[in-house]
Amino acid sequence: MKYNFNEIEAKWQKYWADNQTFKADNHSEKPKYYVLDMFPYPSGAGLHVGHPLGYIASDIYARYKRHKGFNVLHPQGYDSFGLPAEQYAIQTGQHPAITTEENIKTYRRQLDQIGFSFDWSREIRTSDPSYYKWTQWIFIQLFNSWYNYDSDKAENINTLISVFEKEGNANVNAACDDDVVDFTAVEWNNFSSEKQQEILLQYRLTYLAETEVNWCPALGTVLANDEIVNGVSERGGHPVVRKKMTQWSMRISAYAERLLQGLEAIDWTDSLKESQRNWIGKSVGASVTFNVLPNEKCHSEQSEESHKISVFTTRPDTIFGVSFMTLAPEHELVTQITTDEQKAEVEAYIEATAKRSERDRMADVKTISGVFTGAYAEHPFTKEPIPIWIGDYVLASYGTGAVMAVPCGDQRDYDFAKHFNIPIPNIFEGVDISEEAFADKENTKITNSDFLNGLNYKKATKRAIYELEQIGQGEGKTNYRLRDAVFSRQRYWGEPFPVYYVNGMPQMIDAKHLPITLPEVEKYLPTETGEPPLGNATTWAWDTKNNKVVSNEMLKQVQHDNKSSVSSSGVETSQHNGVYPLELNTMPGWAGSSQYFNRYMDPHNDTEIFSQEAVNYWQQVDLYIGGSEHATGHLLYARFWQKFMFDLGLVPVDEFAKKLINQGMILGTSAFVKRLTLMWSNTARNIEFEDYKISLSKNFPTIICSNEFYEKNSNYLLLVDLVEKFNLPKLKEFLNSIDEDKIKINDLAFGDDEIHADVSFVNSSDELDIKAFKNWRSEFKDAEFITEEDGAFKVKRDVEKMSKSKYNVVNPDSICEDYGADSLRLYEMFLGPLEQYKPWNTAGITGVHGFLKKLWKLYVDDNGIKVTNEEPSQDSLKTLHKTIKKVEEDIENFSFNTSVSTFMIAVNELTAQKCTSRDILEPLIVLISPYAPHIAEELWSQLGHGESISTVPFPKFEEKHLVESSKNYPISFNGKMRFTLELPLDMSKEDIEKIVLAHDKTQEQLQGRTPKKVIVVPGKIVNIVG
RNA sequence: GCAGGAAUGGCGAAAACGGCAAACGCACUUGAUUUAGAAUCAAGAAAUUGGGAGUUCGAAUCUCUCUUCCUGUACCA
């Protein structure tokens, strides 16, 4: 019987589906284990071999845990909202729901053929209304919440309202906007409803705010930072402008400290935690207020108070080293304090800065620029005047957009001071600052600083803050870089907000009317007036009387009747029939992915997001596998939502994933061919015939050159030589057509263009299938080829990211067809460590495929199963048990590549031992089954078992089979191994030394010398020195 | 710039604790089988762990230093 993998795999995939083998139950006596993959976006291109890497690893772990007696939850679904489907819809008019559905079908087929043990009964799709109903629901909860720093958690907005009603907002310690105004209880109670709503928006965990976006008028859309290259759009190269837009934001900054602290408790990779720490960007220091000295622009009489500049510093201990201040050019005070004399210069500088993109400003660290405003601030302690400058090294978006510059202690301040000849007072004892700033906190001793003299960094910081507080010009402060997250997208294919507007104020639709489903539109582009695509919808208004989405006609009717109008922002001024406009933005990609892991626990619940019973049983994800590119996006936002839901008492733990592993990327091995280009070896002589040269270049035939030949000969050969060596009629014709009066044929050389060839045309020896290449594209149809001496055509190979545009994509479908899913699974694991980046090379799969055939032959011969009830040999037992030990350790350490090697060794050994014993071969196939489940099921059933192998207990390791009585000692001389010697393990150190020294080979090595020292490590090694 | 990670044969890699470097596989060579190829079987060759120093009886592994590469990023006060 042959190993017919196609038949076997189809059979067992059907069996698993028919029997719902991997359906997880929410009730079980077994301990639970939750293994999750980051769910895929179903793209039109389908899966390539890089995609399933993490899924295979998690599947092995899930299957292993089932063998270990766990009730395993291993679900899968689709992050099915997203841009590519929308882009496709814009181009073709095809509804994104339709293309998404098609793509999901392809994904499902591809995933099924790899044999994953997913519980498909729990599948979720973020674009499914029954799912995004709950995304909308969470949004409403966020809207109805505020963050109380006193209790350090989110609370219902009603608790805030009752505080306002009783005592105003003076004592409220909340996460809120920077510009909240103080009010008393009386004032609050007298505010209009609109005013109250406006104030509450400043406290809610999701709120409307004016946000600057990159607006591309030509594309009619907002672009992400990385979609902009050199100030123009990546697609099409259209200009991009900064534009303010009212958008929903998430007050994630309220959770900054908890997100930071929470990292301590979770088992995620260090690099990932580090990224999140940097992203949160906590810095501890002080805020210091500087008073601006009056000048002709800002007289003290003009306003009661002089202008104040607030700065944040991590080094309040260096306050006596301040010799100037720098404001960001965008800082609001700049225009108010600049003197008339400096006005022109300052304005020119601001204008120049505005033209530079944030990217430009960041990339260009070398150039120092800035302008003096003419104004001075007063040092809080010395009362000395401090010049105020503006400079683009200060960013408006961080801290207060202003810094107190301490050139002796900060390199950027130092460079700035040097450049503009500003004094650099030294406040560090015994430190030379003539060359560079001194930023070392550890060895600081402050001097020239009044009350700080002689103190170290820690003490001086404390004292400085204390003194600042005494004079009311500062306090200790912690700053976070983490900014609130914009939650609106001007897109069609995303979750609609459950929001309508009354008099410009957002209102939540009652949760019982959810989901608010995405309306149909004619066109997926923004409207002509620049509104998001939902502005094209004709049925997109909320009827508050009937609680349903109704036609926009209902809005117009009222307008007409009441002669009211819709402002450009879609805000009604007057309503009588209770119909209001709905929000036109949709939610971003991370909305749906921030709660899906919990929804899997109870995916079909229609009355609540998940039952408490389900979430208390499954708790949290035990193992999460996915790409590291989500470090500061999905993985941070999801932690934020989890903490929020924890505050609401919805989930029992405030971190959603206990352990997280990043799988590395599988890279493609691209193939390149050289296309020859026409070149002149002697340009000077031909300069007058430039036009002729250009026309010649146009007629140059397509010639494709083999890589090795090119590398060896391109420096020596001329074009004419090629014609002599190879049969190249088109080139010959071309050379014959040249007017030798204008161009000397002997001046013609060749260069090259490297072009990608599709990897499917290339065999494992890097030889190109010329015929297939010619048929590939019309431009190569008549190409001529220069081969190696032996007639073969060799391509150049290079490792790059696997991508369609590089023609290096390998499809798992063909691999499964040619070698089977078990081979694919084993090979993906065999390539190398899970977290590492590694190139794919299909040729190597024959190794693991050969292993599976060998494994098969261990159980089956021409007459069927050949396993016997024979007593196993000691050797076979030893092989089995060392395999059990190693494989178990490997799986626990996620070292899947080494366990594949271990299986190979085991099968090689058992084959050599001619082992047919059931006592060996049954446990062996259980060991292999998480990796190669199809062949394992088949052999298991052929061994006579009626049930699936999937929950058969994992074999137990028994030490006794590995106990050895002797050890083959390596005998080394000065650390270099020279020979080995078999000695009993229980032999004493002294005896070993005696026997080794007496040995012939030892004497041979020593050649009469007496060893200085003999190191004997029992059970390990003998080392003779001398 | 900063942070995190990496560097071992022609290629992917292996080597908890410092103790036989290169297991396992690809590719390669030779032979057997075969009409040929594929497949299979048997045999075989190669390479000193990025460079330099140190600790040690002994270093891929620990320390210092330099180089190169990858990933992330924020001129973050």
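Values reported hereafter were calculated over all heavy atoms of this structure, with side chains retained and with hydrogens, waters and symmetry mates removed. Just so it is clear: chains get the letters A, B, ... in the order the sequence lines come, proteins before strands, and each one is counted from 1.
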### Task
Select base, sugar-phosphate, or nothing to describe what A:T326 touches, counting heavy atoms under 4.0 Å on all strands.
nothing
### Message
I'd like the P distance from B:rA42 over to B:rG18, given in whole Å.
### Response
39 Å
### Task
Describe the nucleic acid contact of A:K1020 in one word from base, sugar-phosphate, nothing, applying a heavy-atom distance below 4.0 Å.
base
### Selected nucleotide, minimal atom distance to A:T846 side chain, candidates B:rG72, B:rA27, B:rA77
B:rA27
## Note on the structure
Testing B:rG12, B:rC20, B:rG19 for proximity to the side chain of A:V1017, the answer is B:rG19
### Task
If B:rU34 has a Watson-Crick or G-U wobble mate with both distances under 3.5 Å, name it; if not, just say none.
none
## Note on the structure
Partner of B:rU73 under the Watson-Crick or G-U wobble criteria, both distances under 3.5 Å, comes out as B:rG1
### Query
When the C1' atoms of B:rA7 and B:rU48 are considered, how many whole Å apart are they?
16 Å
### Task
Report which part of the nucleic acid A:N897 touches: base, sugar-phosphate, or nothing (heavy-atom distance under 4.0 Å, all strands).
sugar-phosphate
### Task
Report the distance from atom NZ of A:K854 to atom P of B:rC41, rounded to the nearest whole Å.
6 Å
### Message
Under 4.0 Å, counting only non-hydrogen atoms across every strand here, what does A:K853 touch: a base, just sugar-phosphate, or nothing?
### Response
sugar-phosphate
### Query
Looking only at atom P, what distance separates B:rG52 and B:rA16, rounded to whole Å?
25 Å
#### Entry: Options B:rG12, B:rA77, B:rC57, nucleotide nearest the side-chain atoms of A:Y398
B:rA77
### Query
Quick one: which of B:rC24, B:rG19, B:rA77 gets closest to the side chain of A:N1023?
B:rG19
### Message
Show the nearest heavy-atom pair for residues A:I424 and A:A417, with the distance to one decimal.
### Response
CG1-CB, 3.9 Å
### Query
Could you state the CG-C1' distance from A:N974 to B:rC57, rounded to the nearest angstrom?
8 Å
### Task
For the residue pair A:F957 and A:H881, categorise the inter-ring angle as parallel (less than 30°), tilted (30 to 60°) or perpendicular (more than 60°).
tilted
### Query
Donor-acceptor pair, A:K838 side chain versus A:P833 backbone, under 3.5 Å?
yes
### Query
Say you pick atom C1' in B:rU49 and the same atom in B:rA59; how far apart are they, in whole Å?
11 Å
### Message
Taking B:rU55 as the reference, what is the distance to B:rA14 when you measure between their C1' atoms (whole Å, please)?
### Response
27 Å
#### Entry: Phosphate-side-chain proximity, A:Q836 and B:rG12, N/O vs OP1/OP2 below 4.0 Å
no
## Note on the structure
note: A:L272, atom CG; B:rA3, atom P; distance rounded to Å ~ 18 Å
### Query
P atom, B:rG50 versus B:rU61: distance in rounded Å?
8 Å
### Task
Figure out the CD/P separation between A:E330 and B:rC75, and round it to whole Å.
14 Å
### Task
Taking only the side-chain heavy atoms of A:I1021 (C-beta and beyond), determine which of B:rC24, B:rA15, B:rC20 contains the nearest atom.
B:rC20
### Message
Salt bridge or not between A:E274 and A:R277? Use side-chain N to carboxylate O under 4.0 Å.
### Response
yes
### Query
Which word best sums up how the rings of A:F420 and A:F416 line up, parallel for under 30°, tilted for 30 to 60°, or perpendicular for over 60°?
tilted
#### Entry: Under 3.5 Å on both distances, the Watson-Crick or G-U partner of B:rA45
none
### Query
According to the Watson-Crick and G-U wobble definitions, with both distances under 3.5 Å, which nucleotide is paired to B:rG25?
B:rC11
### Query
CD of A:Q411 versus C1' of B:rC2: gap in Å, rounded?
14 Å
### Query
Taking atom P in both B:rG54 and B:rC17, what distance in whole Å separates the two?
24 Å
### Message
Go through it in stages, so that I can follow the logic: the residues are A:D861 and A:K857, the test is salt bridge (charged side-chain N to carboxylate O under 4.0 Å, His left out), and I'd like the CA-CA distance, side-chain angles, deciding distance and then a yes or no.
### Response
CA-CA 6 Å; A:D861 62 15; A:K857 281 200 280 189; over 6 Å; no
#### Entry: Nearest to side-chain heavy atoms of A:N278, which nucleotide of B:rC26, B:rA23, B:rA3
B:rA3
### Message
Pairing check on B:rG18: which nucleotide meets the Watson-Crick or G-U wobble criteria with it, both distances under 3.5 Å?
### Response
none
### Task
Using modelled atom types only, decide if a donor and an acceptor are shared between the side chain of A:Y457 and the backbone of A:D317 within a distance under 3.5 Å.
no
### Query
Stepwise, does the side chain to side chain contact (heavy atoms under 4.5 Å, CB included) test hold for A:Y480 with A:S253?
CA-CA 8 Å; A:Y480 298 92; A:S253 57; over 6 Å; no
### Query
In terms of side-chain heavy atoms of A:P833, which of B:rA13, B:rC75, B:rC41 is nearest?
B:rA13
### Message
I want to check one thing: is the phosphate of B:rG25, taken as OP1 and OP2, less than 4.0 Å away from some side-chain N or O of A:N908?
### Response
yes
### Query
To the side chain of A:E274, which of B:rU73, B:rA3, B:rC41 is closest?
B:rA3
### Query
Rounding to a whole Å, what distance do you find between A:E828:CD and B:rG25:C1'?
16 Å
### Query
With rounding to whole Å, what would you report as the distance between B:rU65 and B:rA23 at their C1' atoms?
33 Å
### Query
Under 4.0 angstrom, heavy atoms only, what part of the nucleic acid is A:G399 near: base, sugar-phosphate, or nothing?
nothing
### Query
Taking for each residue the nucleotide of RNA chain B with the nearest heavy atom, is it A:P839 or A:V900 whose nucleotide lies nearer the 5' end?
A:P839
### Message
For a quick test of reading the model: is some side-chain N or O of A:K838 closer than 4.0 Å to OP1 or OP2 of B:rG12?
### Response
no
### Query
What nucleotide among B:rG72, B:rC24, B:rG4 has an atom nearest to a side-chain atom of A:S271?
B:rG4
### Chi class for B:rC17: syn within 90° of 0, otherwise anti
syn
### Atom-to-atom span, CD1 of A:I280 to P of B:rA3 - whole angstrom
18 Å
### Query
So, is A:S283 close to the B:rA77 phosphate, meaning a side-chain N or O under 4.0 Å from OP1 or OP2?
yes
### Task
Over all heavy atoms of both residues, which pair between A:L53 and A:Q663 is shortest? Give the atoms and the distance, please.
CD2-CG, 4.0 Å
### Message
Need to verify one output field. Residue with the more 5' nearest nucleotide on RNA chain B, A:T313 or A:V848?
### Response
A:V848
### Query
Any idea which of B:rC20, B:rA77, B:rA14 is nearest the A:T898 side chain?
B:rA14
### Task
Counting Watson-Crick and G-U wobble pairs only, both distances under 3.5 Å, name the nucleotide matched with B:rG54, or none.
B:rC62
### Query
Roughly how many Å is it from CZ in A:F851 to C1' in B:rC24, rounded to a whole number?
11 Å
### Query
Using purine N1 to pyrimidine N3 plus N6-O4 or O6-N4 for Watson-Crick, or N1-O2 and O6-N3 for G-U wobble, both under 3.5 Å, which nucleotide pairs with B:rA6?
B:rU68
